[in-house]
Protein chains: 2
Amino acid sequence: MLDDSETPDTSAPHSRSTAAERRERVLEVAMHEFSERGYEGGSTQRIAAAAGISQAYVFQLYGSKPRLFLAVIERCMEDMLTLFETASSGRGGSAALRAVGDAYLEMIANDPVRFQMQLVGYASCAQPDVRAAMRTGFGRVVELAEQRSGLPNAEVARFFADGMLLNVVTAMGLTSEPTPWGARLIDGSIGLGRG
Amino acid sequence: MLDDSETPDTSAPHSRSTAAERRERVLEVAMHEFSERGYEGGSTQRIAAAAGISQAYVFQLYGSKPRLFLAVIERCMEDMLTLFETASSGRGGSAALRAVGDAYLEMIANDPVRFQMQLVGYASCAQPDVRAAMRTGFGRVVELAEQRSGLPNAEVARFFADGMLLNVVTAMGLTSEPTPWGARLIDGSIGLGRG
DNA sequence: GTCGGAGGTTAGTGACCACTCACAACAGTG
DNA sequence: CACTGTTGTGAGTGGTCACTAACCTCCGAC
């Protein structure tokens with residue numbers, strides 16, 4: 001809009017943004033990078049290039065690589081909470097869990113970045129900062145499921161257990177390239193609140 | 001046995017081994033390294049140092065870093081299968097699952113390297129070689145549980161779902177530093193075949 | 001007693017890493 | 001127009017990375 005060129009994006013020599021906008025954009029591409037390569041494998045050089053800024057500015061915006069990674073983890077868990085809040089809005093009991101389960105299934109199918117980022121988060125829990133962020137985020141999600149559904153511990157736990165099984169089944173590609181034993185696992189699982 | 005020195009290990013200036021022994025030792029320390037730092041974060045320099053050999057020899061033994069990582073993944077899944085075979089030996093039905101569940105709980109408590117290596121494996125499934133190895137290994141474990149227990153799909157799936165929930169609960173430190181919501185999750189879970 | 005092969009090392013290679021510092025460009029305000 | 005703060009970059013820093021080529025060292029066999 002502000003540029004003289006017709007193509008809005010890359011060809012323009014400079015298009016300034018507010019720092020908040022840049023931070024947001026960097027966070028997005030960083031989640032993409034870290035989800036694909038993990039914390040150690042992720043490169044601030046590549047993140048900067050994908051965000052269209054210099055590497056130095058990434059450090060000005062986030063201070064250090066660990067801080068950027070932590071921001072990505074926190075955002076990832078916030079997104080999950082928002083997804084669950086939206087899906088369960090106005091519902092209660094097992095219908096709430098069912099709606100959340102559907103939303104989660106759709107996320108796994110359509111948002112591989114956030115799905116993979118979750119796995120990276122679990123694997124990075126050895127780092128105390130990461131573990132703390134994961135605990136906080138996951139705790140909020142569990143409490144939301146408890147409050148919205150009002151179901152007893154056993155059913156809520158069952159819901160999350162099925163979700164975790166679904167995670168590894170998906171990670172191993174058992175939905176896209178099935179195996180007999182994988183199909184039996186999926187068949188035997190309760191299906192995210194649909195029991 | 002072949003050495004002249006009494007201390008079998010570190011203090012001797014040189015103690016030659018067979019290549020097979022070296023490969024085994026490298027595999028052990030590599031699992032330690034990769035479990036702590038992930039694939040990208042793991043360093044062949046540190047692995048070599050921990051194994052007491054030069055970095056060059058690591059490459060002579062395993063060819064490349066991806067091949068070494070893959071060997072670690074395969075070994076990790078073999079160890080899991082062996083653990084489950086031993087635990088369930090001579091048992092059937094739900095008693096078999098209960099015994100396997102106990103063995104798994106003990107492994108999580110006493111062998112953090114193999115536990116953490118599992119999480120790294122799931123997070124590394126985007127790499128096709130790793131995914132294939134994880135599928136093969138996990139499939140064997142599932143089939144063993146099915147055959148030894150003879151239970152229907154739903155109960156076997158429930159067992160593995162609880163195991164996966166236990167994994168993330170442990171990764172987040174909810175057993176060592178509990179939270180109310182974490183305690184409710186653990187309480188509501190069926191407890192690895194003990195339902 | 002030498003010789004071949006298995007078991008190992010030294011000393012690099014260029015590439016990439018996170019991170020820093022000095023400085024440039026621009027926008028709004030007076 | 002000058003001034004000021006924000007947005008941004010160029011050009012490095014030392015360090016580590018995976019990986020390699022060439023060489024050394026020992027032991028058993030003949």
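The sequence lines fix the lettering, A, B, ..., with proteins before strands; numbering per chain opens at 1.
The side-chain hydrogen bond (donor to acceptor under 3.5 Å, both in side chains) test applied to A:E78 returns no partner, not counting sequence neighbours. For A:E36, the salt bridge (charged side-chain N to carboxylate O under 4.0 Å, His left out) test picks out no residue, with sequence neighbours left out. Under the salt bridge (charged side-chain N to carboxylate O under 4.0 Å, His left out) criterion, B:E28 pairs with B:R25, not counting sequence neighbours. Scanning for salt bridge (charged side-chain N to carboxylate O under 4.0 Å, His left out) contacts around B:R91 gives an empty result, with sequence neighbours left out. In terms of the side-chain hydrogen bond (donor to acceptor under 3.5 Å, both in side chains) criterion, residue partners of B:D187 (sequence neighbours excluded) are, by chain and number, A:N153.
Interface residues of residues 51-67 of chain A facing DNA chain C, ordered by number: A:Q55, A:A56, A:F59, A:S64, A:K65; criterion, heavy-atom separation under 4.0 Å. Heavy-atom distances under 4.0 Å link DNA chain C to A:G42, A:S43, A:T44, A:Q45, A:R46 of residues 36-49 of chain A, given in residue order.
Pairs passing the salt bridge (Lys or Arg N to Asp or Glu O under 4.0 Å) check and including a residue from residues 38-56 of chain A, sequence neighbours excluded, read A:E33-A:R46. Sorted by first then second residue, the ring-ring contact (aromatic ring centres under 6.0 Å, His included) pairs that include residues 63-101 of chain A, not counting sequence neighbours, are A:F34-A:F69, A:Y39-A:F69.
One finds a salt bridge joining B:D162 and B:R158 here, because a Lys/Arg side-chain nitrogen approaches an Asp/Glu carboxylate oxygen to under 4.0 Å.
Phosphate proximity of C:dG8 to B:R22: present, with a side-chain N or O under 4.0 Å from OP1 or OP2.
Taking only distance into account, the side chain of A:R16 meets the base of C:dA25 through a donor-acceptor pair shorter than 3.5 Å.
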